[in-house]
Amino acid sequence: MPPFARKLLDWYAHAHRPLPWRDTADPWAILVSEIMLQQTRASVVIPYWQRFLERYPTPAALAVAPEQELLTMWSGLGYYSRARNLQKAAQAITEAGGFRPEYEFLRALPGVGDYTAAAVASIAFGLKHAVLDGNVMRVAARLTCDAGDIGAGVTKKRLQAAVDQLIPASQPGLFNQAMMELGATLCVPRQPQCLLCPVAEFCEGRKAGRASDLPIKLRRATPILEAMTLLIVARDGELLMWQRPADSDRLAGFWELPEAAHLPNVLKTQKLGTVRHGIVNHSYTITVYLAGVPRALPGREKQLKWIKRNQLAELPVSTTSRKAIQLWDKGRES
DNA sequence: AACACGGGGAG
DNA sequence: CTCCCAGTGTT
């Protein structure tokens, strides 16, 4: 094995964090973990992954799951199209009679792009496909001292070529996991721990004294500030809520507290406070009011419904509404 | 190539 | 509070 891979794998063998999906060889469990880990930290994923696989231990089990149940299982993880695509993927896998150990089969599944296909191909099936996620991009940019903008396609192609050169024919899955682990624990965005790095001797960025300045990221969207008003309309053990339409562009099928516009005639009886919520490049400031119960419920279009509090845990509820309800609960305790 | 999509952790 | 993180699908 080449010296780089040898040094990296020796380090990984004793330094890696004990994450639960590293103890399985089941392609389904590995696929689920990789989908959940897209844009989401490992510590957040762990409890979701465990509950998800208890409920859906096989692709066939997820293939026939009701959508509301699936979204409830995913609620809080974000990027809910991942859940819908994963169900479509489960249906495709079931129809194919199970996983086929080929990169192209995996890559064709809904919600599976270059990264996830390479991760599952290498980790579950031992195929030599190098992953390039955010961690690996950072590691590779430093290793090769590449000062290109990692938002640009050409830079990604260059970095992909670099890791393609480094990945060994044996243990490609462990190599990929080791590269990501290095980026997650030592080769971190700020103040990289080069003194502890097992491959520092190969690092051109470090030799040039530029490791901590890489990678270069040019694009930065300015966050959009938005104000929102949510209403707590409660009667014994029930809350007034509405469900977003199935074709909504975001949070489709999720239950939310009513906004002021849904109940134009209601009295804002008491301001409970504000909660903040940052999503993608939006920053919401949510003012929460405790409101009285209207005499008649308006709106065929908004479909306001009374939801029992103990039912809420079994429904997909947006995090903005959840935070508002938490604020109300907190106020009632004291 | 640009944009939309959630949510959370670190400092 | 502010800054940072970064896969996939669509346009």
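Nothing here was measured: the structure is a model prediction, and the numbers come from that model. In the text below, chain A, chain B and the rest are named by the order of the sequence lines, each starting its count at 1.
Residues satisfying the side-chain hydrogen bond (donor to acceptor under 3.5 Å, both in side chains) test with A/T319, not counting sequence neighbours, are A/R322. For A/Y115, the side-chain hydrogen bond (donor to acceptor under 3.5 Å, both in side chains) partners at least two apart in sequence or on another chain are A/E34. Qualifying side-chain hydrogen bond (donor to acceptor under 3.5 Å, both in side chains) partners for A/E67, counting only residues two or more places apart in sequence or in other chains: A/R84. In this structure, the side-chain hydrogen bond (donor to acceptor under 3.5 Å, both in side chains) partners of A/R138, at least two apart in sequence or on a different chain, are A/N135. Residues that satisfy the ring pair (Phe, Tyr, Trp, His ring centres under 6.0 Å) test with A/Y48, not counting sequence neighbours, are absent from this structure.
A/R322 comes within 4.0 angstrom of no nucleic acid atom, judged by non-hydrogen atoms across all strands. Heavy atoms of A/L37 sit nowhere under 4.0 angstrom from any nucleic acid atom. Nucleic acid contact class of A/T319 (heavy atoms, under 4.0 Å, all strands): sugar-phosphate only.
The phosphate of C/dA6 (OP1 or OP2) has a side-chain N or O of A/R138 nearer than 4.0 angstrom. Between A/N135 and C/dA6 there is a side-chain polar atom (N or O) within less than 4.0 angstrom of OP1 or OP2. Taking only side-chain nitrogens and oxygens, A/H277 comes nearer than 4.0 Å to OP1 or OP2 of B/dG7. In this model, the phosphate group of C/dC1 is approached by a side-chain N or O of A/R276 to a distance below 4.0 Å at OP1 or OP2. Between A/Y79 and C/dG9 there is no side-chain polar atom (N or O) within less than 4.0 angstrom of OP1 or OP2.
Residue A/L77 contributes atom CG, which lies 16 Å from atom P of C/dT8 at whole-angstrom precision. To the nearest angstrom, P of C/dA6 lies 11 Å from CG of A/L132. Here the P atom of nucleotide B/dG6 and the OH atom of A/Y48 are 13 Å apart, to the nearest Å. When rounded to the nearest whole Å, the span between CE of A/M36 and P of B/dG6 equals 16 Å. The nearest whole Å value for the distance from the CD1 atom in A/I150 to the P atom in C/dA6 is 8 Å. Per the geometry, CH2 belonging to A/W74 stands 14 Å off P belonging to B/dG8, to the nearest Å. Taking atom CZ of A/R82 as the reference point, atom P of C/dG9 lies 12 Å away to the nearest angstrom. As rounded to whole Å, 6 Å separates atom P of C/dG9 from atom CG of A/N85.
Taken residue by residue, residues 111-129 of chain A places no heavy atom nearer than 4.0 Å to DNA chain B.
No continuous path of hydrophobic side-chain contacts links A/Y56 to A/V64 [ILVMFWY only; heavy atoms under 4.5 Å].
A salt bridge is defined here as a Lys NZ or Arg NE, NH1 or NH2 lying under 4.0 Å from an Asp or Glu carboxylate O, and A/D329 with A/R309 meets this definition.
Between the side chain of A/Q39 and the base of C/dG7, a donor-acceptor pair under 3.5 Å is found.
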With a 3.5 Å cut-off and sequence neighbours excluded, list the donor-acceptor pairs that the side chains of residues 122-131 of chain A form with protein atoms.
residue	atom	partner	partner atom	Å
A/S122	OG	A/A118	O	2.9
A/S122	OG	A/A119	O	3.1
A/S122	OG	A/N176	ND2	2.9

Identify every side-chain donor-acceptor pair in residues 104-111 of chain A under 3.5 Å, counting partners at least two apart or on other chains, and give the distances.
residue	atom	partner	partner atom	Å
A/R107	NE	A/D114	OD1	2.8
A/R107	NH1	A/V112	O	3.2
A/R107	NH2	A/D114	OD1	3.4

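For B/dG8 and C/dG9, the C1' atoms lie 23 Å apart once the distance is rounded to whole Å. Nucleotides B/dA4 and C/dA6 place their C1' atoms 13 Å apart, quoted to the nearest Å.
Remark on DNA chain B: of its neighbouring residues A/F254 and A/V154, the 5'-side contact belongs to A/V154, judged by nearest-heavy-atom nucleotide. In terms of position along DNA chain C, the nucleotide closest to A/P189 lies nearer the 5' end than the nucleotide closest to the other residue of the pair A/Q38 and A/P189. Mapping A/A152 and A/S318 onto DNA chain B by nearest heavy atom places A/A152 closer to the 5' end of the strand.
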Pairs: protein N or O with nucleotides 9-11 of chain B N or O, under 3.5 Å:
none

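Not less than 6.0 angstrom separates the ring centroid of A/Y12 from the ring centroid of A/F175.
Considering A/L239, A/V288, A/L257 in turn, A/L257 is the only one that fulfils the side-chain contact (heavy atoms from CB on, under 4.5 Å) rule with A/S321.
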